[in-house]
Amino acid sequence: MPRLWGGLVLACTLASSLHAECREDRVALRGDWGELSFTVDIADDNAERAKGLMFVERMGRNKGMLFIYPDPIRATFWMKNTLIPLDMIFVDSDGLVTHVHHEAIPGDLTAIDGGENVRVVLEINGGLAERYGIEPGSQMQHPVFSSANPVWPC
């Protein structure tokens, strides 16, 4: 019995530390499917957003890039000079996932429309959004949402 209690305490501690850790270089996502986090590089100016993940040959499984816009926009992406397939997760000002584009094709110049009122876009390795169950209605936690009405506050 004491061993079970210790495991329960450890599980609660790990869950609490995940919630408490709100950093610029990390996003957390949750939904009916569970909860996970990615370490991210930030693209928050025009030059960084234009370059994005161009010429990146591989990316770790729990890595990604977070594109941050100063105000909500209609977000459109393409895969010019991008060498790896990507999932694009479009998120509104409150941290609510509004659209997911799966498996964007490397090098494809076709516009990928994420819709209106997009505040951030998370790019992760292609196939992970489907594998984990990330879909519209999932929630994101990141400090960028602190000035809004976040669905999952830091």
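Other residues, nucleotides and ligands contribute over 12 non-hydrogen atoms within 6.0 Å of the CG atom of D45.
Salt-bridge annotation for D113 and R74: present, with a side-chain N of the basic residue lying under 4.0 Å from a carboxylate O of the acidic one.
We find the CD1-CE distance between I84 and M59 to be 4.5 Å, quoted to the nearest 0.5 Å. To the nearest 0.5 Å, the span separating CD on E103 from CG on N125 amounts to 9.5 Å. To the nearest 0.5 Å, the span separating CD on Q139 from CH2 on W152 amounts to 7.5 Å. Note that CG of L83 is 10.0 Å distant from CG of L53, once rounded to the nearest 0.5 Å. If you take CE on M140 and CG on D92, they are separated by 10.5 Å, rounding to the nearest 0.5 Å.
Summarising the hydrophobic clusters (Ile, Leu, Val, Met, Phe, Trp, Tyr; side-chain heavy atoms under 4.5 Å, direct or chained), the residues clustered with F55 are M54. Members clustered with L109: W78, by chain and number, using a 4.5 Å side-chain heavy-atom cutoff among hydrophobic residues.
The aromatic rings of H99 and H101 sit tilted relative to each other, their planes meeting at an angle between 30° and 60°.
At a threshold of 4.5 Å between side-chain heavy atoms, the hydrophobic network of Ile, Leu, Val, Met, Phe, Trp and Tyr places V118 and I68 in two separate groups.
Each of I124, D25, L122 was evaluated against L66; a single residue qualifies, L122, per the side chain to side chain contact (heavy atoms under 4.5 Å, CB included) test.
Applying the ring pair (Phe, Tyr, Trp, His ring centres under 6.0 Å) test to F67 and every residue at least two apart in sequence or in another chain returns F77.
Side-chain contact check for H142 versus R26: every heavy-atom pair is 4.5 Å or farther apart.
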